[in-house]
Amino acid sequence: MIEATEVRKRYGTVDALDGVSLSVPSGASLGLVGTNGAGKTTLFRLLVGHEAPDAGSVRVAGIDPTDGTRVRERVGYLPEDAGFQPALTGEEVLGFYADMRGVEAPRVDTLLSVVGLPDAGDRPVGGYSNGMNRRLGLAVALLGDPDVLLLDEPTAGLDPAGVDAFNRVVERVREERDVTVVLSTHVLSEVEALCDRVAVLDDGALRTVGTVEEVTRAAGDEVTVTAEYGDGDALAAATESVQAALAGRNSDPDVSAGELTLELAVDSAAVTDALGAVVETDPESVRVDEPDLETAVREAVAPGGADR
Ligand SMILES: Nc1ncnc2c1ncn2[C@@H]1O[C@H](COP(=O)(O)OP(=O)(O)OP(=O)(O)O)[C@@H](O)[C@H]1O
């Protein structure tokens, strides 16, 4: 659905995108993450045809986005800095964009309900909260029932309730429509909740891309369970019962300094069994360290934890 091939975009002396190739299949949901200034907004602007790449090619639904209005019929875009005339009501804002895109008026009411603003349509948008404004922006992006939805940091600056409300709408839209979503964010829990894929951009380059699971796995494929015990007897008894629970699985605990440590393959049944056994031995504390998306993204941006 989206194909970017060796895309370059330079502003003055800055390589905003420095040879980025990325493919997003139809119906997928991609989280675009990365450092500030990584090139995320630039990529959106190329995907929506607001600008052309200096080199390489971009195709959305097989269309070159700079090729007239055709791509705008297929793509809904919520820019990072979307703002509307404060004196216009929500309905008027939608009506304005609906006219521009030739969408029928009844869709405006439906869309306001879809984004959770069913009763706010007759109010001037100057009185909308930040979250309401973003949801109105999403409604504008949904006009014309696009195949592709591009959301540039849609929840930046929203409070937790606003983030939840927005993300629930995105989830519902994905359930109800066959739409391909690209969403940029600095919040990785959002990617885990809403996206099946993740791409990490940094300094104009794509550092990694894959399913959320694949990218997370790059941070390691082991879970470490560490349990702390008050005295040597408790630790010895715990070691015995954990060994019994994991018998034959080649995962003996390490025991030292009042602690029992287990290293286990992530997602294996051994993790559940070991945790069950550990909890039954009544430890003072239990810690579970597993590969997570945050570590994987940090590693992708700065391999080996290099200072930047
Ligand atoms: N119109 C422009 N003129 C000059 N430089 C630009 C322009 N647009 C982007 N840049 C530069 O290109 C780089 C990438 O910017 P971009 O806005 O795409 O990053 P981003 O990943 O969206 O960042 P953020 O997370 O901070 O929103 C930055 O160094 C930025 O300063």
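Worth saying up front: this structure is predicted, and the values here are computed from it rather than measured. All ligand and atom numbering here is 1-based and tracks the order in the structure.
Short contacts between ligand 1 and E153, defined as distances under 4.0 Å to a heavy atom of the residue, involve ligand atoms 24 (P), 25 (O), 27 (O). Interface of H186 with ligand 1, defined as ligand atoms under 4.0 Å from a residue heavy atom, comprises 25 (O). Within ligand 1, the atoms closer than 4.0 Å to a non-hydrogen atom of E80 are 27 (O), numbered from 1 in the order shown. Ligand-side atoms of ligand 1 in range of T42: 14 (C), 15 (O), 16 (P), 18 (O), range being under 4.0 angstrom from any heavy atom.
When atom types are taken as modelled, the side chain of S21 and the backbone of E6 share a donor-acceptor pair closer than 3.5 angstrom. At least one donor-acceptor pair under 3.5 Å links the side chain of E92 to the backbone N or O of T89. At least one donor-acceptor pair closer than 3.5 Å links the side chain of D196 to the backbone N or O of S29. Between the side chain of R135 and the backbone N or O of G116, at least one donor-acceptor pair lies under 3.5 Å. A distance-only check finds no donor-acceptor pair linking the side chain of D15 to the backbone of L17 [under 3.5 Å]. Of the possible donor and acceptor atoms, one in the side chain of K40 sits under 3.5 Å from a partner among the backbone N and O of T35. In this structure a side-chain-to-backbone donor-acceptor pair under 3.5 Å is present from T180 to G27. For Y128 (side chain) and R134 (main-chain N/O), no donor-acceptor pair under 3.5 Å exists by modelled atom type. The main-chain N or O of L158 is never found under 3.5 Å from a side-chain atom of T155 such that the two would form a donor-acceptor pair. Of the possible polar contacts, none joining the H186 side chain to the V33 backbone as a donor-acceptor pair under 3.5 Å is found.
In this structure, the protein non-hydrogen atom closest to atom 23 (O) of ligand 1 is G37 N, 2.8 Å. Looking only at heavy atoms of the protein, atom 20 (P) of ligand 1 is closest to K40 N, 3.6 Å. With respect to atom 6 (C) of ligand 1, the closest heavy atom belonging to the protein is Y11 CD1, 3.3 Å. The shortest contact between atom 17 (O) of ligand 1 and any protein heavy atom is with T41 CB, 3.6 Å. Looking at atom 26 (O) of ligand 1, its nearest protein heavy atom turns out to be N36 ND2, 2.9 Å. When hydrogens are left out, the protein atom nearest atom 12 (O) of ligand 1 is A16 CB, 3.4 Å; that is the closest non-hydrogen contact.
Only the side chain of V14 comes within 4.0 Å of ligand 1, counting heavy atoms alone; its backbone N, CA, C and O stay farther away.
Not a single heavy atom of R45 sits closer than 4.0 Å to an atom of ligand 1. Under a 4.0 angstrom heavy-atom cut-off, K9 registers as lying outside contact with ligand 1. Heavy atoms of G12 stay at 4.0 angstrom or farther from ligand 1.
By the 3.5 Å distance cut-off applied to N or O atoms, A38 is counted among the residues near ligand 1.
For atom 30 (C) of ligand 1, the protein comes within 4.0 Å by no heavy atom at all.
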